[in-house]
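So you know, we letter chains A, B, ... as the sequences are listed, proteins then strands, and number each from 1. What you are looking at is a predicted structure, and each value in this text was computed from that prediction instead of being measured.
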Amino acid sequence: MPGLHELQCRFRDALLGGDLDGVTCDIRPGGLTAARRLGIYRNNVFTNQREALRTIYSVTERLVGVEFFNYLADEYLRCHGAPAGDLNRLGEHLAEFLCKLPTASPLVYLPDTARLEWLAHRVYHGPDHGSLPLERLAGVPPEQYEALRFKLHPASGLFESRYPVHRIWEVNQPGYEGDDLVDLDSGGVRLLAERRGGRVELRVLEAGEWSFLKALASDRTFGEACDAALVAAEEFDLEATLPRLIEESTLVDLVAPAPESDRY
Amino acid sequence: MGGSTAWRVEADPIPARAGIGLRTPHYREVLETRPPIPWLEVHSENFFADGGRPHAVLEQVRGHYPLSLHGVGLSLGSTDALNHWHLDKLKGLIARYEPGLVSEHLCWCSVGDRYLNDLLPLPYTEEALAHISERIEYVQDYLGRPILIENLSSYLQFAHSTIPEWEFLAEVARRSGCGVLLDVNNVYVNARNHGFHAETYLSHIPVEAVGEMHLAGYEDDGDCLIDTHGRRVDAVVWALYARAVQRFGRVPTLIEWDTDIPALSVLLDEADKAQTIMEAPDARVA
């Protein structure tokens with residue numbers, strides 16, 4: 001008679017690996033065969049987990065088709081498994097997994113598409129945060145501007161790809177009715193993913209704003225971020241960009257440098 | 001019977017009436033039309049994320065309806081250590097939404113940190129009984145409140161089980177002090193799948209332990225009933241529910257529907273049937 005732990009390990013391995021022999025003797029005989037009974041559970045497990053992945057990776061699924069997606073999902077699940085009882089945490093490493101999957105390699109843009117979908121999923125469920133009151137900025141002495149550190153909204157993310165992933169995303173959204181041709185040679189894209197009214201929106205960023213936000217997201221100071229933006233794009237218009245980013249809640253917090261007297 | 005048992009939360013009770021499980025396709029309609037549903041239940045894990053639309057919806061829902069949190073992933077029967085990330089998320093949800101009831105399942109769904117995201121049966125042995133009872137007790141202490149434990153549908157029995165499922169469930173409730181969420185459909189599914197009398201099951205569950213009942217539809221796979229939550233409640237399950245009401249009295253009852261989710265009106269119609277039976281167990285509804 002197996003102990004509880006041993007039984008659970010055998011049952012899990014039978015469901016995931018398909019070798020049912022290890023657990024067959026633990027199942028009370030009669031009626032359906034043990035294989036049929038385990039098959040019901042295996043179907044439940046893979047269906048639940050596939051559906052969870054399908055919800056997050058709907059564009060990836062459209063690109064590869066249902067049959068290949070199911071194969072991909074099952075391979076991923078066998079390799080990585082689900083990390084939690086919360087199915088929203090399933091699928092974090094699908095993009096990396098796609099990079100290593102030889103059968104997916106002809107679709108060079110697929111891993112980046114999956115990476116964007118995971119980002120959108122993360123943004124959709126990310127923390128809520130209020131906007132940054134402009135008075136807080138007004139209260140900062142001008143000599144401290146350079147050393148300020150702005151914080152991006154916690155439910156947002158920056159994304160870069162050498163493929164036109166934004167266009168791929170757009171034409172594969174439910175209800176999209178325009179021209180669905182994507183020119184893979186049309187170049188890469190830099191995006192900001194944000195949540196507005198509970199929905200995820202993607203905004204294409206020009207070089208200046210991208211470098212500015214990228215620096216802020218890396219916890220660089222406002223001064224350093226301005227320098228980075230101007231290096232990337234001489235025409236970067238800080239005076240127009242900063243108020244807009246605050247107004248639209250892209251930047252939601254700031255940390256002023258500690259006063260001189262607090263330093264050691 | 002009634003609201004006197006210790007684990008019922010008096011501050012924000014779920015009424016002893018028929019409610020429905022709230023699922024994503026119905027969020028908008030429920031918020032816009034506010035149908036007169038006595039209470040709603042959601043899956044706890046669907047709200048483990050930090051923010052966004054699900055919480056915006058649940059905040060509004062909670063403003064209008066009593067709410068029950070029903071978990072599917074705590075893996076109470078697993079031999080892994082209890083997952084404190086999960087427990088802390090649940091505790092946070094309880095603090096935020098002050099649900100009238102909190103429930104989980106008599107099952108395991110992970111081992112070796114590998115989650116299978118399905119409700120898997122335990123062997124009904126002394127070892128499993130001691131293990132899960134102790135864990136439920138710990139969880140109730142950790143959450144600072146009692147929980148209900150639901151019987152699950154199953155498609156196999158373990159050869160070395162020594163305790164009938166109904167005795168196992170009743171003993172878990174006795175040892176841990178938890179309540180029972182009696183899924184009447186699951187009792188019927190298991191009675192058919194494993195060849196026992198559903199009435200025997202009901203008669204072994206202590207009356208005062210049952211704090212909620214679930215109803216859902218199953219599918220007949222030929223040699224096995226599958227608990228799909230994808231159809232209307234079967235006539236024979238309505239009849240069993242009437243027997244359950246006669247034994248356990250009026251307790252909060254929930255219509256669950258998780259696959260091929262129909263129009264909200266269909267769920268409300270099913271809830272009306274449950275309400276009719278609850279008020280008059282001799283009535284014919286199906």
Side-chain angles (χ1 to χ4, degrees), chain A residues 1-13 15-16 23 25-32 34 36-49 51-52 55 77 80-90 121-129 154-155 195 197-200, chain B residues 24 43-57 71-75 77-80 83 85-86 89 108-123 125 127-128 130-132 154-162 193-195 221-224 226-227 259:
Chain A
M1 178 177 110
L4 186 56
H5 181 68
E6 189 187 343
L7 178 72
Q8 290 180 340
C9 291
R10 295 212 298 237
F11 199 88
R12 173 202 60 197
D13 294 345
L15 292 190
L16 294 178
V23 79
C25 60
D26 299 319
I27 294 170
R28 188 170 290 176
L32 294 180
R36 266 294 303 284
R37 294 179 187 281
L38 287 164
I40 294 170
Y41 283 102
R42 181 188 290 151
N43 183 56
N44 283 351
V45 166
F46 281 94
T47 303
N48 289 343
Q49 297 186 339
E51 288 310 311
T55 306
L77 292 165
H80 284 270
D86 169 13
L87 279 168
N88 282 319
R89 287 180 59 194
L90 175 64
H121 176 66
R122 199 171 61 66
V123 167
Y124 182 82
H125 290 287
D128 299 315
H129 200 294
R195 192 170 68 215
R199 295 167 60 90
V200 177
Chain B
T24 316
H43 285 164
S44 315
E45 290 80 2
N46 290 350
F47 300 88
F48 275 10
D50 295 316
R53 181 165 181 256
H55 281 289
V57 168
V72 295
L74 186 51
S75 203
S78 169
T79 47
D80 281 358
N83 184 328
W85 177 86
H86 194 114
K89 285 285 178 188
W108 62 285
C109 50
S110 62
V111 70
D113 290 327
R114 190 88 183 224
Y115 278 78
L116 297 160
N117 302 108
D118 192 25
L119 308 174
L120 303 172
L122 286 165
T125 59
E127 183 198 5
H131 180 67
I132 196 165
S154 63
Y155 314 110
L156 57 80
Q157 292 179 296
F158 290 108
H160 58 289
S161 285
T162 53
N193 286 349
H194 307 314
D221 200 26
D223 342 90
C224 191
I226 312 282
D227 178 33
T259 56

Side chain, backbone, both or neither: which part of [X] has a non-hydrogen atom closer than 4.5 Å to chain A?
X: D223(B); value: both
X: A128(B); value: both
X: H43(B); value: neither
X: T259(B); value: neither
X: S78(B); value: both
X: L122(B); value: side chain

Any idea which of [options] has the most non-hydrogen atom pairs under 4.5 angstrom with chain A?
options: S44(B), A56(B), P54(B); answer: P54(B)
options: D221(B), L120(B), V57(B); answer: L120(B)
options: G73(B), G195(B), G51(B); answer: G51(B)
options: I226(B), N83(B), V111(B), D80(B); answer: V111(B)
options: E127(B), Q157(B), R114(B); answer: R114(B)

Region of [X] in contact with chain B, defined by heavy-atom distances below 4.5 Å:
X: R122(A); result: neither
X: R12(A); result: both
X: L77(A); result: backbone
X: L32(A); result: side chain
X: P127(A); result: both
X: I40(A); result: side chain
X: Q8(A); result: both
X: P29(A); result: neither

task: Evaluate the ring planes of F47(B) and H55(B), with Trp represented by its six-membered ring, and classify them as parallel (under 30°), tilted (30 to 60°) or perpendicular (over 60°).
output: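 Plane angle over 60°, so perpendicular.
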
Minimum heavy-atom distance between [X] and [Y], given as atom pair plus value:
X: S154(B); Y: Y41(A); result: CA-OH, 3.3 Å
X: Y155(B); Y: R37(A); result: O-NH1, 2.9 Å
X: H160(B); Y: P123(B); result: NE2-CB, 3.5 Å
X: R10(A); Y: C25(A); result: NH2-SG, 4.4 Å
X: R195(A); Y: A155(A); result: NH1-CB, 3.5 Å

task: Go through the steps to decide whether W85(B) and R89(A) satisfy the test side chain to side chain contact (heavy atoms under 4.5 Å, CB included), and finish with yes or no.
output: CA-CA 12 Å; W85(B) 177 86; R89(A) 287 180 59 194; 3.2 Å; yes

Ignoring hydrogens and geometry, is there a side-chain-to-backbone donor-acceptor pair from [X] to [Y] under 3.5 Å?
X: D86(A); Y: H86(B); answer: no
X: N48(A); Y: N44(A); answer: yes
X: S75(B); Y: S110(B); answer: yes
X: N117(B); Y: A84(A); answer: yes
X: Y115(B); Y: L90(A); answer: no

Largest heavy-atom contact set with chain B, pairs under 4.5 Å, which of L15(A), L87(A), N88(A), V123(A):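 It is L87(A).
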
task: Specify which of H80(A), H129(A), R199(A) makes the most heavy-atom pairs with chain B at under 4.5 Å.
output: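 Highest number of heavy-atom pairs under 4.5 Å: H80(A).
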
task: Please lay out, stage by stage, how N46(B) and T24(B) fare under the test side chain to side chain contact (heavy atoms under 4.5 Å, CB included).
output: CA-CA 10 Å; N46(B) 290 350; T24(B) 316; 5.6 Å; no

